[in-house]
Amino acid sequence: MRTIQSTGLLVTLLLSSPLFAAKTPIASVAKIRGNVTKLLPGALEATVLEAGDQLPEDTSIVTGPKSFVKIVFIDKSELNMGPESKIVISEMNPNEQVGIISLLKGRIRTEVEKSQKPNSQNQNKFYIRTRTAALGVRGTDFQTIYNPENRMTSLLTYKGAVAMAKVDESTHQRFEVGETKVVRDDVTKAPELQKIPGKIVDEKMELKKVLASSDVVIVPPGQSSFSSQALKKSSLPVKISPVQLNALFKNTEFNEKNLVNLKSAQLDKAVEPVIAVAPQSAPADGLYNAKNGDFAPRAGGFIDEVTGLYVAPEAGSTFDSKNGVYVSDKSGEIDADTGQYVAPKGLVLDAQKGFVVEKNAEVKPELLALREDLNKSIARDVVVGDLDGEVVIAAKTLREKFIRDHVSLMLGMGGEKIKVNDRMDMDADKPYNFNVEWQIASTNRFAPLLGLSYGSTEFDDLSNRGFSQDSKAQFDMTVGLKYALTNRVDLVSKLVLDQSLYAVQTSMTPDVFKLNRIVITKINLGATAELMRSNRFSLNAEFFANMGFRKRFNDAVVSKISGFSFKLMPQYALDEKRSLAFGFVMENESAKVGTGLITNDIKREKRALELKYTMNL
């Protein structure tokens, strides 16, 4: 009996507490589409939201797929919620008419009426808070996206201006103190209310402090900014694609198209924005300063409303001088009716991993190369980073190491010496060689190689020493295979048709030789390695051992051919696709050349400097 009385008393006290006290409505529901629910303050279960419902402070609203709701506040400001979104109407002071909205997930569009109070021009009338950003609004039309998977807050302003600043994790936790959560008992699954313990802060004052920092950015019309846990501060505002800007501005109710029937926008044509776009202060090319945290992507990109990520135009995009943006031809499409972003065929944009290959898509080198380009365009490592210290995206896998064609052009100049029987030697006069190597794209650890080489070698003062030379020019042809052992080390095998000069004794007279150009089939086995890397600089090395097959040339026989080569090449990346290297080359080779008269030991030594230009196609 006492238990029943105690329970009744507890219920009475809870119902009479401020948590369950009736609150004055501060907003009403003007329009609904689809499935939308509300969780009133103090309630344990959500109920269906209907048009005309009155909403008090601390009401949570959740929209389902393809759903939408329009809310009108007591000051006539409007908030539209898109599909699969969740907000909490944290506060709306009827006297000050200052509101606070917590965006927990999804996308909202807000039209805030300017305050009619005197001396209120420089005061924020509306605040929107996510886990990673605070927005201060004085009277404007703008769209906000928050994705809890990557903790990305994305802002796009249509009219007026919005102040945006990053909210760090410690500030976010202070905001949560005192909030009421509905949790379910592990055993009974019955819902119960729990408050987050701690010292309750004045949320409005805390937001004012955040937005008074030196890192705040003011986002003008037609421009976008975003904030995340990885960024030191909110990104500098940049213009987005005029095509998407127009479509998003018109799509006030977050209508969605059937992805099967998407109509591509004409992205290759300059489009006049339907709103007055403010001049952009950040460079159109974008910038990133790791020291002070300034970051701006390339202008003209697309906002993905699901992930909140900004897809910047890839390198090599065309610049539209009229609108001051870059126009991409391969980073995706925009539905001209709704503004939805659609990734290129075969790719999907993931909130944490960036672009990934779609399931059941045919994996080709060009698709993986495109994915790599687009992941660079979203600056995933800079913008998203590692959530909670956990690496969520790995480095390029070994299967994807050779997804691009590589063309290398090499020019070498130096010295070459041929020794006969370790007592006679001949020095070349400024020999040079020019090589072209093509590494063919592949979707596994193996990459085919093709190469051509031309060189010219002329030895000094041969006639005075009883020597002669039949040709200066030498050509080589190479086919090979490269195997990715690790992300930094490759094993290489090559089959080479090599034209080289060999000293053939032409008579019994001692020291009378002719340098004959003889084609030798050789096998080269070796490895290439990236020894170190720092930003654009790297240090690369190559080592090969070679063995030649026995070859008869007229009356001479070349046999026991072996040698090695070594390269040490510092390299500088000119941009994402081009690099330049300059380094040292050393080659040694030994062979026996017999004519039936006598067999001689021939040794070749080469020391040279090589300039190498590589382009990734």
Side-chain angles (χ1 to χ4, degrees), residues 79-87 101-110 127-137 140-158 161-167 172 215-241 244-245 247-249 251 254 277 280 282 286 295-313 325 331-332 334 338-343 349-352 354-355 374 377-380 382-385 387:
L79 183 145
N80 292 357
M81 287 180 64
E84 300 181 82
S85 302
K86 181 178 181 179
I87 67 167
I101 300 295
S102 296
L103 175 59
L104 305 181
K105 176 186 177 183
R107 43 195 153 136
I108 59 175
R109 179 164 176 176
T110 316
Y127 295 97
I128 292 181
R129 174 174 67 85
T130 72
R131 184 165 182 166
T132 54
L135 282 62
V137 188
T140 184
D141 180 2
F142 64 100
Q143 177 175 315
T144 314
I145 303 167
Y146 177 67
N147 189 317
E149 290 184 55
N150 55 17
R151 300 176 191 172
M152 173 70 64
T153 303
S154 177
L155 165 67
L156 174 61
T157 303
Y158 298 116
V162 181
M164 183 177 187
K166 177 183 176 181
V167 171
H172 165 71
D215 290 337
V216 68
V217 297
I218 305 300
V219 184
Q223 297 187 32
S224 176
S225 177
F226 45 88
S227 186
S228 71
Q229 186 173 288
L231 289 171
K232 290 183 179 180
K233 53 188 176 183
S234 296
S235 67
L236 301 178
V238 296
K239 297 177 182 179
I240 73 165
S241 161
Q244 188 180 35
L245 177 64
L248 291 177
F249 176 70
N251 188 18
F254 296 103
V277 178
Q280 179 176 315
F295 175 72
R298 188 175 287 120
F302 308 133
I303 298 173
D304 180 56
E305 292 187 288
V306 177
T307 64
L309 294 171
Y310 176 86
V311 183
V325 297
S331 61
I334 294 299
T338 65
Q340 285 178 287
Y341 170 73
V342 183
L349 184 55
D350 181 87
Q352 295 185 30
F355 286 93
L374 295 182
S377 76
I378 63 173
R380 187 228 158 266
V382 173
V383 174
V384 179
L387 302 175

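Sequence positions, counted from 1, serve as the residue numbers for this chain.
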* Asked: Can a salt bridge be assigned to the pair Lys232 and Asp215 using a cut-off of 4.0 Å between side-chain N and carboxylate O?
  -> no
* **By side-chain hydrogen bond (donor to acceptor under 3.5 Å, both in side chains) - contacts of Lys105 (at least two apart)** => none
* **Closest non-hydrogen atom pair between Ala134 and Val167, with its separation** => N-CG2, 3.5 Å
* Crowded around Lys86 NZ? As in, over 12 foreign heavy atoms under 6.0 Å? -> no
* To do: Report yes if some heavy atom in the side chain of Leu79 is under 4.5 Å from a heavy atom in the side chain of Ile101; otherwise report no.
  => yes
* Donor-acceptor contact present, side-chain Gln223 to main-chain Thr157, <3.5 Å -> no
* Interatomic spacing from CG in Leu231 to OG1 in Thr132 - rounded to 0.5 Å -> 9.0 Å
* **Arg109/Phe249 under side-chain contact (heavy atoms from CB on, under 4.5 Å): CA gap, chis, key distance, verdict** => CA-CA 10 Å; Arg109 179 164 176 176; Phe249 176 70; 3.4 Å; yes
* pair Asn80-Ile108: side-chain heavy atoms closer than 4.5 Å -> no
* For Leu155, does its backbone N or O pair with a side-chain atom of Ser225 as donor and acceptor, under 3.5 Å? -> no
* Between Arg129 and Ser102, is any side-chain donor less than 3.5 angstrom from a side-chain acceptor? -> yes
* Any donor-acceptor pair under 3.5 Å from Gln280 side chain to Val238 backbone -> no
* So how far is it from Ser224 OG to Lys239 NZ, rounded to the nearest 0.5 Å? -> 14.0 Å
* Closest non-hydrogen atom pair between Phe302 and Ser241, with its separation -> CE2-CB, 3.4 Å
* Asked: Any donor and acceptor pair, going by atom type alone, linking the side chain of Asn147 with main-chain N or O of Val306 inside 3.5 Å?
  -> yes
* Asked: Are any side-chain N or O atoms of Tyr310 and backbone N or O atoms of Ile378, one a donor and one an acceptor, separated by less than 3.5 Å?
  -> no
* Quick one: pull up CD in Gln143 and CG in Leu248 and give me the separation to the nearest 0.5 Å. => 5.5 Å
* So, does Arg298 use its side chain to make a donor-acceptor pair with the main chain of Pro313 at under 3.5 Å? -> yes
* Asked: Got a donor-acceptor contact below 3.5 angstrom from the Asp304 side chain to the Val311 backbone?
  -> no
* **Value rounded to 0.5 Å, distance of CZ in Arg131 from OG in Ser227** => 13.0 Å
* In Å and rounded to the nearest 0.5 Å, what is the CG to CZ distance from Leu236 to Phe226? -> 9.5 Å
* Sub-6.0 Å ring centroid separation between Tyr158 and Phe142 -> no
* Asked: Do side-chain atoms of Ser228 reach the backbone of Val383 as a donor and acceptor pair under 3.5 angstrom?
  -> yes
* Is a side-chain donor-acceptor pair under 3.5 Å present for Gln244 with Gln340? -> no
* To do: Mind checking the CG-CG spacing from Leu245 to Leu156? Nearest 0.5 Å is all I need.
  => 6.0 Å
* May I ask you to decide if the ring planes of Tyr341 and Phe355 are parallel, tilted or perpendicular, using 30° and 60° as cut-offs? => perpendicular
* Asked: Taking all atoms of both residues into account, what is the closest heavy-atom pair of Ala343 and Leu349, and its distance?
  -> CB-N, 4.5 Å
* Asked: Any side-chain heavy-atom pair from Ile334 and Val342 closer than 4.5 angstrom?
  -> no
